[in-house]
Amino acid sequence: MGLRSERITLTDRADAPHDGAVNVLRARIEQCSYTGARFEYELSVGDLRVHAESPVRHTDGEINLIIRPDDCLLFPAQV
């Protein structure tokens with residue numbers, strides 16, 4: 001699966017939507033860097049590493065990742 005880092009929405013609010021219209025994953029902030037225009041995050045969801053971008057700085061160690069199904073790209077498994 002492929003996902004563009006700028007298409008992930010980060011929110012530290014506990015009221016992230018849970019209606020099934022979007023995917024909500026709980027992640028841990030491993031690293032945050034400011035690039036002058038946005039913040040770039042390295043996050044972990046279990047053993048999975050995820051990179052995300054946001055115009056907002058999040059400082060809590062845990063955060064919600066909101067991923068819309070239309071923003072996911074699936075690739076065939078290699079044989």
Side-chain angles (χ1 to χ4, degrees):
M1 179 176 83
L3 180 65
R4 294 183 63 98
S5 59
E6 69 272 11
R7 303 298 295 185
I8 299 171
T9 302
L10 303 177
T11 179
D12 50 12
R13 290 172 277 166
D15 62 349
H18 294 282
D19 59 4
V22 296
N23 300 296
V24 180
L25 303 172
R26 194 74 177 151
R28 176 171 220 55
I29 298 172
E30 300 295 341
Q31 187 173 14
C32 175
S33 302
Y34 182 63
T35 64
R38 64 186 176 272
F39 293 91
E40 294 184 357
Y41 293 89
E42 182 177 329
L43 308 150
S44 59
V45 179
D47 292 336
L48 179 67
R49 292 289 184 173
V50 178
H51 295 272
E53 300 174 8
S54 175
V56 179
R57 182 171 187 220
H58 299 276
T59 57
D60 191 12
E62 299 256 326
I63 196 159
N64 289 321
L65 308 182
I66 299 174
I67 303 170
R68 289 163 187 77
D70 289 345
D71 292 332
C72 297
L73 299 173
L74 298 177
F75 299 98
Q78 294 195 0
V79 182

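Residue numbers start at 1 and run along the sequence shown.
A side-chain contact (heavy atoms from CB on, under 4.5 Å) with Val50 is found for one member of Ile67, Leu3, Val45 and no other, namely Val45.
Applying the side-chain contact (heavy atoms from CB on, under 4.5 Å) criterion to Thr35, with sequence neighbours excluded, gives Arg38, Glu40. Residues satisfying the side-chain contact (heavy atoms from CB on, under 4.5 Å) test with Ser54, not counting sequence neighbours, are Leu10, Tyr41, Val56, His58. Residues meeting the side-chain contact (heavy atoms from CB on, under 4.5 Å) test with Arg68, sequence neighbours left out: Thr9, Val22, Ile66, Asp71.
We find the CD-CG distance between Glu30 and Leu43 to be 8.0 Å, quoted to the nearest 0.5 Å. To the nearest 0.5 Å, atom CD1 of residue Ile8 and atom CG of residue Leu65 are 6.0 Å apart.
By the 6.0 Å contact criterion, CZ on Arg57 is open, its count of non-hydrogen atoms from other residues, nucleotides or ligands being 12 or less.
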